[in-house]
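A short write-up of the structure that comes next.
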2 protein chains.
Amino acid sequence: MAATIKDIAKKTGLGLATISKYLNGGNVLEENKAAIEEAIKELDFRVNEFARGLKTSKSKTIGVVIPELSNLFCTSIITIIEDILRQNGYGILVCDCRTDEKLEYEATEFFVNKMVDGIISMPVSRDGGHLKLPLSKGIPVVLIDRKVEGLNVDAVLVDNVAAAENAVEYLISYGHREIGIICGPEGIFTSHQRQLGYSQAFIKKGIFPKQELMTYGDYTVESGYRCLNELIKKSESLSAVFVTNYEMTLGAIIAINELGIKIPEQISLIGFDNMHMAQVVKPRLTIISQPIHKIAENVAHIMLKRLSQEKNEDAEIVHLSTELIVGESVQDRTHL
Amino acid sequence: MAATIKDIAKKTGLGLATISKYLNGGNVLEENKAAIEEAIKELDFRVNEFARGLKTSKSKTIGVVIPELSNLFCTSIITIIEDILRQNGYGILVCDCRTDEKLEYEATEFFVNKMVDGIISMPVSRDGGHLKLPLSKGIPVVLIDRKVEGLNVDAVLVDNVAAAENAVEYLISYGHREIGIICGPEGIFTSHQRQLGYSQAFIKKGIFPKQELMTYGDYTVESGYRCLNELIKKSESLSAVFVTNYEMTLGAIIAINELGIKIPEQISLIGFDNMHMAQVVKPRLTIISQPIHKIAENVAHIMLKRLSQEKNEDAEIVHLSTELIVGESVQDRTHL
DNA sequence: AATATAAAGCGAAACGTTTCGCTCTCTAAA
DNA sequence: TTTAGAGAGCGAAACGTTTCGCTTTATATT
C-alpha cells in the first residue's frame with residue numbers, strides 16, 4: 001500500500017541505491033534530487049523504519065526509566081531531554097517505575113527488547129542491577145542524579161550533600177539551632193545525600209544533629225504536609241525547617257499557613273527546586289535550586305555523543321552544583 | 001552477533017517455521033517446546049523487532065501527545081495508561097507539546113514516521129488537524145478530554161460543564177452569590193467547558209454572571225496564586241472561589257493562607273482533582289474529582305480493542321462524570 | 001482395516017531498506 | 001593527448017522475521 005523506494009526509483013527512473021543515498025544525505029545531482037523530492041511528495045513516501053532498522057540495527061529510540069512521573073523534577077527534566085532528542089530524530093519511550101526496583105528492572109528489559117538505542121535512567125536500585133543487561137549489549141546508558149559504584153557509566157550528578165550542607169549552614173549562620181529536616185524516602189540515594197549534608201553542617205560546627213528533628217516523607221505534597229506537622233509536634237523550640245524537594249515544600253507551606261504560623265517570624269524555611277514558584281509566593285522563598293536545564297541538556301548531549309561514536313571512551317561524570325537562592329523566608333536571629 | 005531463530009533452529013534441529021510458531025503461540029510438541037526454551041535461554045535469544053515489524057507492520061508502540069508533562073492530571077493518566085499498555089506488550093512514546101499546536105502536529109507526524117500502532121492525544125488544536133495524517137493511514141486514535149467535531153474518533157470525555165455547574169450550584173445553594181472562578185487558558189476546550197458550567201449555574205438561577213469575577217490562569221500553581229490575588233483585589237464581597245484544576249488550586253490555597261484569610265469563615269473554596277491532597281489539608285477541601293483511573297483505563301482498553309480488531313466500527317465515545325467530594329471548605333451562609 | 005481429520009513440522013519467499021563492489025562520465029593535471 | 005581521480009549512479013545481496021502451501025505422522029471414526 002505505502003510507497004517504497006522502489007516506487008520512487010521507478011517513478012524517477014533512478015536506481016535504488018541512488019534513492020537510498022539521497023535519503024541518507026549522499027551526493028546526488030541537483031536535478032535528480034529535485035525529481036526524487038517530487039516523487040516523494042507525490043507518493044507521500046515515508047521511510048519504512050522497520051526495514052531501515054533491520055539493516056542498521058538502530059531504532060532511533062531512547063528508553064527513559066524514572067521513579068515517578070508525578071514528580072516535577074523528573075518531568076521537567078524529561079520534557080527538555082525529549083525536546084533535544086526529538087530534534088535529533090530520536091523518540092523517547094517512557095516508563096515510570098513507581099520507585100520499585102522490580103518494575104525498574106522489567107522496564108529496562110522491556111526497552112532492550114524494544115531495541116532502544118540508549119537508556120536514560122534515574123535509578124532506584126542501589127546496585128544498578130537493571131543496567132547490566134543493556135550494558136552487556138553495548139547499549140549506552142546515561143544516569144541522572146546517581147552514580148552506581150562499580151559501573152563505568154556516564155552520569156550527570158548534582159552535589160546534594162553540598163546543597164543540603166549549604167542550606168543548613170546558612171540557617172546556622174543566621175542563628176538557628178533547632179532545625180528540622182524533611183527528608184525523602186529512606187532507601188533513595190539523593191534523599192540520603194541531602195540528609196548527610198544536613199548532619200555534616202551541624203557536625204562541622206561541633207553540634208550533634210538531633211534524631212527527632214529528622215522526618216521522612218516520600219517526595220509528595222501530602223508527605224511534606226504530614227512531616228511538617230510532625231516536626232511542630234516534636235519540637236517546641238523549632239525555629240527553621242529545611243525541605244528537600246519541591247512537592248514536600250509545597251506541602252510544608254500549606255501546613256505552616258494552616259497552623260497560622262508566620263514565615264519567617266515564627267519559623268524559617270528553606271525549600272527545594274522550582275524557582276518560579278519560590279519567587280511568586282510571599283514571603284519569597286529561600287530555596288536550593290537545582291540546575292534542571294543544565295542537567296537535562298547534559299544528559300541529552302552525552303547520550304547523543306555516545307550514539308554517534310563507535311568506540312566507547314571512559315565514562316563521563318558531570319558534576320553540577322546547586323545554588324542557594326536567597327529570599328525572605330529565613331529570619332536573622334543573630335541579634336535576638 | 002545476537003542469536004536469531006536460525007540459531008535456535010540449528011540448535012534444536014527444528015525448522016524455522018516451528019520456532020516462529022512457538023514464538024507466536026502456535027502448537028508445538030511439549031518436548032520441542034522444552035528444547036526451544038532451553039536453546040533460547042542458552043543463546044539469550046530475543047526476537048528482532050525490526051524483522052518482525054517488517055513482516056507484520058506492527059511496532060507494538062503507541063504515541064502519546066499531551067499538552068504538558070508538568071501537569072498532574074496528564075501524568076497521572078499517562079502512568080496508568082503506560083502500565084496497562086506495557087502489560088500488553090506495548091511501549092509508549094511520549095511527547096509533551098507545551099500546549100502548542102504546531103508542536104502537536106509535528107509530534108504526531110513524528111510518531112507516524114516512527115511507525116506507532118496507535119495514537120493517544122489530549123488535543124490542543126480545536127480542529128484536530130494533527131490527527132488527519134494518522135487517521136488517513138488507518139492508525140487508531142483515542143482522544144482524552146476532548147471530542148473533535150467532524151472526526152469519527154474514539155474519545156473518553158468528562159462532563160466538565162456539569163462538573164463546574166455542580167460546583168457553583170452547590171455554592172449558590174449554600175447562600176453564596178459573589179463567586180469567583182479561576183479558569184484555565186482561554187483557548188483550551190476543558191477550560192472553556194468549565195467556564196460555561198460556571199455561567200450556566202448562575203443563569204439557571206436567573207443571575208447574570210459577572211465578568212470581573214472570572215480570571216484566567218494557565219493551569220499552573222503560579223497562575224492560581226496570581227488569580228486568587230486578582231479576585232481579592234477586584235471584589236470586596238467575594239465569598240467563594242471555584243478553581244478549575246489541581247495546580248491552580250494549590251496556588252490559590254497558598255495565596256489565601258498568605259493573606260491570612262480563613263477558609264471557610266472568610267472565603268469558601270471548591271478545588272479540582274487530587275482527592276488525596278484534598279483530604280490531607282485542613283480544612284478538608286471540597287473538590288470536584290475527576291475519575292482519573294477510569295479515564296486512563298478506558299483510554300487504554302479502547303486502544304487495545306482497536307489494535308486487535310480488523311474492521312473499524314463506529315467511534316466509541318465514553319462519557320464519565322465527575323464527583324463533588326464534600327469537605328469543609330464551604331461555609332453555609334443560608335442562615336446568616 | 002480403511003479412511004478422515006487434526007497436529008506438528010518444513011522450506012522458500014517476501015517484507016523494504018542499506019551497502020558492497022562495480023561501472024561510467026567528466027574534469028583536471030601531466 | 002593521456003591518465004587519474006572524483007562524482008554519480010547501478011544491481012544484488014543481506015538483515016531476521018512471518019506466512020503460505022505443503023508433507024508427514026498420529027489419532028479418531030467408521
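Nothing here was measured: the structure is a model prediction, and the numbers come from that model. Letters A, B, ... are given to chains in the order of the sequence lines, protein chains preceding strands, and every chain is numbered from 1. Below, each value reflects all heavy atoms present in this structure, side chains not excepted, and no hydrogens, waters or symmetry copies.
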In whole angstrom, give the distance that lies between atom [atom1] of [X] and atom [atom2] of [N].
| X | N | atom1 | atom2 | value |
| --- | --- | --- | --- | --- |
| F50(B) | dA14(D) | CZ | C1' | 16 Å |
| E31(B) | dA7(C) | CD | P | 17 Å |
| K58(B) | dC15(C) | NZ | C1' | 13 Å |
| I19(B) | dC10(C) | CD1 | P | 8 Å |
| N48(B) | dA14(D) | CG | P | 17 Å |

Charged N to carboxylate O below 4.0 Å: is that the case for E297(A) and K294(A)?
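Looking at K294(A) together with E297(A), the answer is no, because their closest N to O distance does not fall below 4.0 Å.
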
With respect to the phosphate group of [N], does any side-chain polar atom (N or O) of [X] fall under 4.0 Å of OP1 or OP2?
| X | N | answer |
| --- | --- | --- |
| T18(B) | dC10(C) | yes |
| S20(A) | dT18(C) | yes |
| N24(A) | dT18(C) | yes |

If you assign E30(B) and A51(B) each to the DNA chain C nucleotide with the nearest heavy atom, which residue ends up on the more 5' nucleotide?
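With E30(B) and A51(B) compared, the 5'-side residue is E30(B).
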
Please tell me which of A2(A) and A17(A) maps to the more 5' nucleotide of DNA chain C, matching each residue to the nucleotide holding its nearest heavy atom.
A2(A)

Is the side chain of R146(A) donor-acceptor paired with the backbone N or O of S121(A) at a distance under 3.5 Å, no angle test?
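Checking the backbone N and O of S121(A) against the side chain of R146(A), no donor-acceptor pair under 3.5 Å is found.
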
With a non-hydrogen cut-off below 4.0 angstrom, is I5(B) in contact with a base, only sugar-phosphate, or nothing?
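The residue I5(B) makes base contact.
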
Counting any heavy atom closer than 4.0 Å, what does F45(B) reach on the DNA or RNA strands: base, sugar-phosphate only, or nothing?
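Answer is sugar-phosphate: F45(B) comes under 4.0 Å of backbone atoms only.
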
With the side chain counted from C-beta on, respond yes when I62(A) and L307(A) share a heavy-atom pair under 4.5 Å apart, and no when they do not.
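Counting from C-beta outward, I62(A) and L307(A) do come under 4.5 Å.
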
Which listed nucleotide (dC10(D), dA8(C), dT17(D)) is nearest to the side chain of L16(B)?
dT17(D)

Between dA8(D), dT17(C), dG11(D), which one does the side chain of K55(A) approach most closely?
dT17(C)

Start with the C-alpha distance between Y219(A) and T190(A), add both sets of side-chain angles, then the distance that settles side-chain hydrogen bond (donor to acceptor under 3.5 Å, both in side chains), and finish with yes or no.
CA-CA 11 Å; Y219(A) 284 156; T190(A) 53; 3.2 Å; yes

